[in-house]
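Taking it in order: structure first as structure tokens, then the write-up.
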Amino acid sequence: GNTGTLTGGATTTAGRIGQALSFDGVDDYVDVGTVSSLNGLSALSVSAWVKINTLEGGESNLRYIANQESGNGSTETPFILRLDTSNDDYEFYVGGSAYVSAVTANNSALKDMWQHVIGVYDGANVTIYLDGSQRASSAKTGGTGVDPGNPLRIGQISGAASRQWS
């Protein structure tokens, strides 16, 4: 397994099921370090219970749930699961030869309510589920991107401190 390090003052709080992490939207995140086992996968699932404190802000209106993104394009990015506050939607991207995404409908993100977001790549499709219902799917084949060493992060994208989860 991989163990993450709470960074910037992230704390635990009551969650939807058991304990949850609380992020202040400024500098809190979990750094899991480099996870080479995510490189070039033919299948991948990312799941999170999330509760949004604000539907505003974030650099380019983006708030990251979990990702291992290099910033150098799709070939170096295994996956991204994030919230776009400009449309209040959830987005799941899988890298590789090109980004392929599945995006929930606008206004599907709800403030102050627990929601279960799941991104799935099965080798043929990139699919996003919200609260147990499939919301979107896009065709994709080939492996995920191969990251050259950027960390897996929960609550923040590597290198963009203003895209924090809140």
Side-chain angles (χ1 to χ4, degrees), residues 1-4 15-21 23 29-52 55 58 60-110 113-160 163-165:
N2 299 293
T3 302
R16 169 71 175 84
I17 300 171
Q19 295 290 302
L21 295 172
F23 302 105
Y29 62 95
V30 177
D31 187 337
V32 183
T34 302
V35 182
S36 59
S37 62
L38 293 175
N39 290 335
L41 295 175
S42 59
L44 169 75
S45 296
V46 182
S47 174
W49 279 99
V50 297
K51 185 176 182 182
I52 304 163
L55 287 171
S60 303
N61 297 309
L62 302 174
R63 294 195 178 272
Y64 281 69
I65 299 168
N67 74 98
Q68 187 170 1
E69 180 178 12
S70 73
N72 292 325
S74 66
T75 59
E76 295 182 2
T77 301
F79 78 93
I80 303 166
L81 183 62
R82 69 185 185 194
L83 166 70
D84 181 341
T85 60
S86 64
N87 298 316
D88 298 338
D89 62 24
Y90 294 103
E91 303 171 343
F92 181 57
Y93 287 83
V94 175
S97 59
Y99 282 120
V100 176
S101 66
V103 179
T104 64
N106 289 355
N107 302 309
S108 57
L110 303 174
M113 293 185 64
W114 285 103
Q115 293 184 288
H116 192 206
V117 184
I118 304 171
V120 175
Y121 173 52
D122 63 6
N125 294 288
V126 175
T127 305
I128 192 163
Y129 297 85
L130 182 60
D131 295 326
S133 297
Q134 180 179 321
R135 298 299 178 101
S137 188
S138 299
K140 176 188 172 30
T141 57
T144 62
V146 177
D147 186 82
N150 290 292
L152 169 62
R153 293 231 170 128
I154 300 169
Q156 179 201 50
I157 181 175
S158 181
R163 294 184 182 181
Q164 304 280 354
W165 185 259

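Every heavy atom of this structure was used, including side-chain atoms; hydrogens, water molecules and symmetry mates were not.
- Atom CD of Glu76 sits about 11.0 Å away from atom CD of Gln68, to the nearest 0.5 Å.
- Proximity of Ile154 to Phe23: side-chain heavy atoms (C-beta onward) are separated by under 4.5 Å at one or more points.
- Side chains of Thr77 and Tyr99: a donor-acceptor N/O pair is present below 3.5 angstrom, by distance only.
- Contact of the Thr144 side chain with the Phe79 side chain is not registered, since no non-hydrogen atoms from C-beta on lie closer than 4.5 Å.
- Scanning both residues, Ala20 and Gly15, for their nearest heavy atoms gives CB-CA, 3.5 Å.
- The distance from the OH atom of Tyr129 to the CD1 atom of Ile118 is 8.0 Å, given to the nearest 0.5 Å.
- The structure places CG of Leu81 at 11.0 Å from OG of Ser45, a figure rounded to the nearest 0.5 Å.
- Each of Val50, Leu55, Ile157, Thr85 was compared with Arg63 under the side-chain contact (heavy atoms from CB on, under 4.5 Å) criterion, and only Thr85 meets it.
- Here the closest heavy-atom approach between residue Asp84 and residue Ser86 is recorded as OD1-OG, 2.5 Å.
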Problem set entry | side chain to side chain contact (heavy atoms under 4.5 Å, CB included) evaluation trace for Ile52 with Leu83 | CA-CA 9 Å; Ile52 304 163; Leu83 166 70; 3.9 Å; yes
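- In this structure, the side chain of Lys140 does not engage the main chain of Ser101 through any donor-acceptor pair within 3.5 Å.
- Although no hydrogens or angles enter the test, the distance criterion places no donor-acceptor pair under 3.5 Å between the side chain of Ser108 and the main chain of Asp89.
- Ala48 and Ile65 make their closest contact through CB-CG2, 3.8 Å (heavy atoms, listed as atom of the first residue, atom of the second, distance).
- Note that the CD atom of Gln115 and the NZ atom of Lys51 stand 11.5 Å from one another [nearest 0.5 Å].
- Of the inter-residue distances, the one linking Asn87 atom CG with Asn107 atom CG reads 8.0 Å to the nearest 0.5 angstrom.
- Taking each heavy atom of Pro78 and Gly145 in turn, the nearest pair found is CG-O, 3.6 Å.
- Within the 4.5 Å cutoff, the side chain of Glu91 has heavy atoms near those of the Leu62 side chain.
- Leu21 places a side-chain heavy atom less than 4.5 Å from the side chain of Val30.
- Annotation: side chain of Phe92 is not in contact with side chain of Val120 (no heavy-atom distance under 4.5 Å).
- Relative ring orientation between Trp49 and Trp114 is described as perpendicular, the plane-to-plane angle rising above 60° on a 0-90° scale split at 30° and 60°.
- Here the side chain of Asn67 pairs a donor or acceptor atom with the backbone of Gln156 at under 3.5 angstrom.
- Two residues are said to be in side-chain contact when any heavy atoms from C-beta on lie closer than 4.5 Å; Tyr90 and Arg135 fail this criterion.
- Of all the heavy atoms in Arg153 and Tyr29, the pair that sits closest is NE-CE1, 3.2 Å.
- Proximity of Pro151 to Val32: side-chain heavy atoms (C-beta onward) are nowhere separated by under 4.5 Å.
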